[in-house]
Amino acid sequence: MAHTQHQTMRRVLRREVAGTIGLLTDEQDFTAMRRRYRSFAFDDHTNYLRQVETLLRTLASEGGHTTVALFDPEEYAEFCAEHALDPDTAASRTRFTAELATTGATVPYEGQTLDTLVPDLIDEAVRRATWEYATTLLARIGSCASCGEDIGRAAFVRASDLLLRILHASGPGERHLVCSVSTEPEALVAVLRTDDDQHGTPHLDESEALEFTTVLALGIATRSAGGLVMRTTTPGATDRVYGWRLRGEELEPLTAGEVFDAYCTDVDSGDLVSPESGVDYCAPPDLGDEGPTTAHTH
């Protein structure tokens, strides 16, 4: 009787334990792990993904909460070298995965298929990498030669003000806002999605907002070419698309024609594509009074 009670309690406790699975989403990364480490027992990426999905469903059926983290072999090797761990052990892989749970790109498992989860996980990894890269560049800019103010911090304050004004001026509904900044070796792109809560106040993901603001701040601080495009969706109304061109620390409204051209041109080929029906390509709303500026001569 006591043994049965202990088994029952262990099952109850298991439901209280949150877990993380490190996932090799890319077949090339999977092959690298298989070739480097004998203790990595899988030999087929497709079967590996199938087994992971089965495990996720099993854990969910038992009432557990599991997140999936992006497992990168190169980062794993660096982690093991830094902590003097033998990389050819399951214990080391488990320790690395536990680290990913707090520092890496993760997506919660909520019953979705891996066909849905993997792209979301990759998008999350790209988002985190974009934010980290933009943050690093902002920190390297330093202080204004004339006034001593931290240029990156001032640009972030300016970007935050612009974002708040955009959300306020856009009116109610769902919003999809894209910011692109021309940096080397390639442009940085950040996406922010918002909708309204029951009080009509824009509700947004804090991580997305932080990334978006950081990328915009980098464009402001470096005086890079860039732009913002907003799409708003309101029930019973036509979708509206409009945007701004980044000029230093200012946002210059795009004309309806410029927005139309941007949306109806294929990015890769440059060919015109058919415009969406039920979409109004228009000039943006007025953003109201100016907020803080970062006028420096760096």
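In this structure, Tyr109 OH and Thr20 OG1 are separated by 15.0 Å, a value rounded to the nearest 0.5 Å. Note: Leu114 CG to Asp120 CG = 11.0 Å, rounded to the nearest 0.5 Å. Between Asp286 atom CG and Arg165 atom CZ the span is 8.5 Å, to the nearest 0.5 Å. Expressed to the nearest 0.5 Å, how far CG of Leu204 lies from CG of Leu210 amounts to 11.0 Å. Atom CG of Asp161 sits about 10.5 Å away from atom CD of Glu249, to the nearest 0.5 Å. A distance of 10.5 Å separates OG1 in Thr214 from CG in Leu188, rounded to the nearest 0.5 Å.
Partners of Arg93 according to the side chain to side chain donor-acceptor pair (under 3.5 Å) rule, which considers only residues two or more places apart in sequence or in another chain, are Ser39. Partners of Arg50 by salt bridge (Lys or Arg N to Asp or Glu O under 4.0 Å), not counting sequence neighbours: none found. Contacts of Asp280 classified as salt bridge (Lys or Arg N to Asp or Glu O under 4.0 Å), with partners at least two apart in sequence or in another chain: none. Residues forming a side chain to side chain donor-acceptor pair (under 3.5 Å) with Thr130 (at least two apart in sequence, or on another chain): none.
Between Tyr48 and Gly22, the closest heavy-atom pair is OH-O, 3.5 Å.
Taking the ring centroids of Phe30 and Phe71, they lie at or beyond the 6.0 Å cut-off.
By the criterion of side-chain heavy atoms lying less than 4.5 angstrom apart, applied directly or through intervening Ile, Leu, Val, Met, Phe, Trp or Tyr residues, Ile151 is grouped together with Leu137 in one hydrophobic cluster. Val126 and Val178 are members of different hydrophobic clusters when ILVMFWY side chains are connected at heavy-atom separations under 4.5 Å.
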Please evaluate residues Leu287 and Trp244 with respect to the criterion side chain to side chain contact (heavy atoms under 4.5 Å, CB included), reporting the C-alpha separation (whole Å), side-chain torsions for both, the decisive distance (0.1 Å), and the verdict.
CA-CA 11 Å; Leu287 296 183; Trp244 299 264; 3.7 Å; yes

Start with the C-alpha distance between Leu70 and Leu24, add both sets of side-chain angles, then the distance that settles side chain to side chain contact (heavy atoms under 4.5 Å, CB included), and finish with yes or no.
CA-CA 7 Å; Leu70 186 66; Leu24 293 155; over 6 Å; no

Please assess Ser92 against Tyr76 for the test side chain to side chain contact (heavy atoms under 4.5 Å, CB included), listing each intermediate value before the final yes or no.
CA-CA 9 Å; Ser92 295; Tyr76 172 63; 3.4 Å; yes

After noting the C-alpha distance and the side-chain angles of Thr213 and Phe156, does the key distance pass the side chain to side chain contact (heavy atoms under 4.5 Å, CB included) rule?
CA-CA 7 Å; Thr213 306; Phe156 190 89; 3.7 Å; yes

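Within the structure, the salt bridge (Lys or Arg N to Asp or Glu O under 4.0 Å) test picks out the following pairs touching residues 28-42 (sequence neighbours left out): Arg36-Glu74. For residues 94-103, no residue pair satisfies the side-chain hydrogen bond (donor to acceptor under 3.5 Å, both in side chains) rule, not counting sequence neighbours.
Of the charged side-chain nitrogens involved, at least one lies within less than 4.0 Å of a carboxylate oxygen, so that Arg245 and Glu258 count as a salt-bridged pair. Salt bridge status for Glu208 with Arg193: present, with a side-chain N to carboxylate O gap under 4.0 Å. At a threshold of 4.0 Å, the pair Arg247-Glu250 does not count as salt-bridged, since none of the basic side-chain nitrogens sits closer than that to a carboxylate oxygen. For Asp123 and Arg127, the salt-bridge test fails: no basic side-chain N is under 4.0 Å from an acidic carboxylate O.
The shortest side-chain heavy-atom distance between Glu53 and Thr113 falls under the 4.5 Å cut-off. In this structure the side chain of Ile166 reaches within 4.5 angstrom of the side chain of Leu251, judged on heavy atoms.
Around NE2 of His83, the count of heavy atoms belonging to other residues, nucleotides or ligands within 6.0 Å exceeds 12.
Between the side chain of Thr135 and the backbone N or O of Trp131, at least one donor-acceptor pair lies under 3.5 Å.
Side-chain contact check for Arg175 and Thr232: no donor-acceptor pair (N or O, by modelled atom type) lies under 3.5 Å. Checking Asp150 against Ser143 by side-chain atom types alone, no donor-acceptor pair falls below 3.5 Å.
The aromatic rings of Tyr281 and Phe260 sit perpendicular, their planes meeting at an angle over 60°, well past the 30° parallel limit.
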